[in-house]
Q: 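Provided herewith is a single structure, encoded as structure tokens, for subsequent inquiry.
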2 protein chains.
Amino acid sequence: MTTTGAAVGRGQHARRRVLSAALEVLTEVGMPGFTMESVARRAGASKATLYRHWSSPSALLVDAMDAEFRPSPDLDTGDLRADLVTLLTGLATGLTGSRFPTLMAAFTDAAERDPTLADLHAELTRRRREPLLRLLATAVGRGELPADTDTELVVDLLAAPFFYRRLIAHHAIPSAMPGAVVDHVLPSLGGG
Amino acid sequence: MTTTGAAVGRGQHARRRVLSAALEVLTEVGMPGFTMESVARRAGASKATLYRHWSSPSALLVDAMDAEFRPSPDLDTGDLRADLVTLLTGLATGLTGSRFPTLMAAFTDAAERDPTLADLHAELTRRRREPLLRLLATAVGRGELPADTDTELVVDLLAAPFFYRRLIAHHAIPSAMPGAVVDHVLPSLGGG
DNA sequence: CTCCATCGAGACGCTAGCGTATCGATAAAT
DNA sequence: ATTTATCGATACGCTAGCGTCTCGATGGAG
């Protein structure tokens with residue numbers, strides 16, 4: 001009984017500082033500069049502390065990315081189109097002016113060569129898709145969309161263009177884009 | 001008049017070997033391992049030769065990626081849906097079982113922190129989109145699609161899901177996906 | 001208040017890449 | 001056949017990160 005379980009303790013503070021520093025470093029210099037040394041420096045932590053908690057840079061990266069994840073709140077006003085636009089606008093905002101896209105690019109590259117990171121990448125993506133997916137499932141449930149709607153594919157169609165524009169095409173994301181994307185995808189679903 | 005202009009010469013052979021080796025290295029170890037040393041080793045070339053041609057790793061990377069680009073042939077059978085499915089199937093194939101997606105991930109990450117690479121990335125993407133874009137423009141021209149069709153956005157809607165599935169969601173790309181994507185996007189265009 | 005687990009700092013030998021310089025070898029041009 | 005630019009190889013000193021280790025400091029638990 002040395003710990004109360006809920007207590008935070010000194011170790012947790014160090015841990016949190018390191019995780020935060022890891023994302024800063026990864027954003028700024030990408031995988032090439034993501035070293036235990038530089039993360040420790042940024043965190044004001046000792047290398048020994050890092051190795052005490054994480055056996056490798058990729059183990060550290062897994063924890064850091066997992067801690068970064070913030071689920072977007074569910075919403076369902078009953079107006080499917082408006083709700084979709086709201087969620088996609090949130091995505092567009094996250095992809096503009098935050099470190100999120102740069103982090104995504106670094107993590108996507110790293111995941112190409114590290115199965116553990118690939119699994120986490122897939123899992124974080126799955127979680128990020130959930131609100132959109134639930135919104136569509138609800139619409140299917142109340143008959144607003146056909147019962148045989150491929151909701152996974154629809155989520156791909158709705159979300160992918162934003163990532164593509166920002167990370168691959170290097171184009172701006174106009175504020176009208178969420179509405180335009182929804183209007184291009186919804187009609188083909190032939191819902192009533 | 002020491003050169004004939006069309007002659008290849010020893011230098012060009014060395015140059016080509018290095019560019020090819022650069023892409024191999026980048027695919028296998030990503031940006032973290034993309035060093036002048038390792039590329040020279042892989043190419044069986046001297047470091048001096050690399051520095052003679054390229055002042056930095058990113059200059060080398062720019063040339064290598066530019067040389068890798070292969071434009072897909074134009075096609076227009078008159079059957080818009082079939083042509084779109086053909087092009088998207090080609091994209092899906094390129095994203096499965098070749099080094100292309102891994103190269104894309106590495107390059108995308110690098111482009112986040114290097115404006116020169118970002119420009120080239122945008123340019124290569126623009127070139128890759130051209131066949132799809134021309135196909136849509138032709139369909140607009142002959143009245144098969146409305147004159148006010150946002151062809152750039154439609155290209156995004158058609159192509160983005162494939163990149164997203166392979167690089168971000170880490171899901172398989174079913175062989176029926178190109179047809180399904182086209183069928184979800186075309187109807188909303190309301191063409192006659 | 002005392003104890004002690006954890007902390008930050010940093011030394012250690014090691015490896016790897018950096019960018020430059022200097023070789024003889026070699027292949028294209030005269 | 002001779003010239004000449006480019007080649008591959010390799011040595012050089014330098015920096016940076018590796019993973020381990022030993023310190024004295026410090027703050028939370030009992």
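These figures come from a predicted structure and were not determined experimentally. Each chain gets a letter, A, B and so on, in the order its sequence line appears, and its residues count up from 1.
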Q: Along nucleotides 11-18 of chain C, 5' to 3', which nucleotides get a B, which get an S, and which get a -, given that the test is a protein heavy-atom distance under 4.0 Å?
A: ------SB
Q: Validate the cation-pi geometry between A:R128 and A:F69: distance from NZ or CZ to the six-membered ring centre under 6.0 Å, angle to the ring axis within 45°.
A: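 No cation-pi geometry.
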Q: Are the side chain of B:H184 and the backbone N or O of B:A180 linked by a donor-acceptor pair below 3.5 Å?
A: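 It does hold such a pair.
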Q: Select one nucleotide: of C:dA9, D:dC7, C:dT22, the one nearest the side-chain heavy atoms of B:A48.
A: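 From the listed options, C:dT22 comes nearest.
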Q: Would you say the side-chain atoms of B:T149 pair up with the backbone N or O of B:T151, donor to acceptor, closer than 3.5 Å?
A: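 Side chain of B:T149 to backbone of B:T151, a donor-acceptor pair under 3.5 Å: no, none is there.
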Q: Nearest-Å distance, CG (A:L50) to P (C:dG10)?
A: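 Spelled out: CG on A:L50 to P on C:dG10 is 16 Å.
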Q: Who pairs with B:R129 by side chain to side chain donor-acceptor pair (under 3.5 Å), at least two apart in sequence or on another chain?
A: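 Expected list: A:Y164, B:E152, B:D156.
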Q: Using OP1 and OP2 only, check whether a side-chain N or O of A:S46 sits under 4.0 Å from C:dC7.
A: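 No, outside the criterion.
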Q: Atom CD of A:Q12 to atom C1' of C:dC7: distance rounded to whole Å?
A: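 It works out to 14 Å between those atoms.
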Q: Is the shortest distance from a Lys or Arg side-chain nitrogen in B:R126 or B:E123 to a carboxylate oxygen in the other one below 4.0 Å?
A: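 Looking at B:E123 together with B:R126, the answer is yes, because their closest N to O distance falls below 4.0 Å.
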Q: Taking only the side-chain nitrogens and oxygens of B:H53, find out if one of them lies under 4.0 Å from OP1 or OP2 of D:dC7.
A: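 Result: yes.
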Q: Using atom CZ of A:R16 as one end and atom P of C:dC7 as the other, report the distance to the nearest whole Å.
A: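 Atom CZ in A:R16 sits about 13 Å away from atom P in C:dC7.
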Q: Treating B:T27 as the side-chain partner and B:L23 as the backbone partner, does any N or O pair qualify as donor plus acceptor under 3.5 Å?
A: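 It does hold such a pair.
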Q: Roughly, in whole Å, what's the span from CZ in A:R52 to P in C:dA9?
A: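 Distance, rounded to whole Å: 13 Å.
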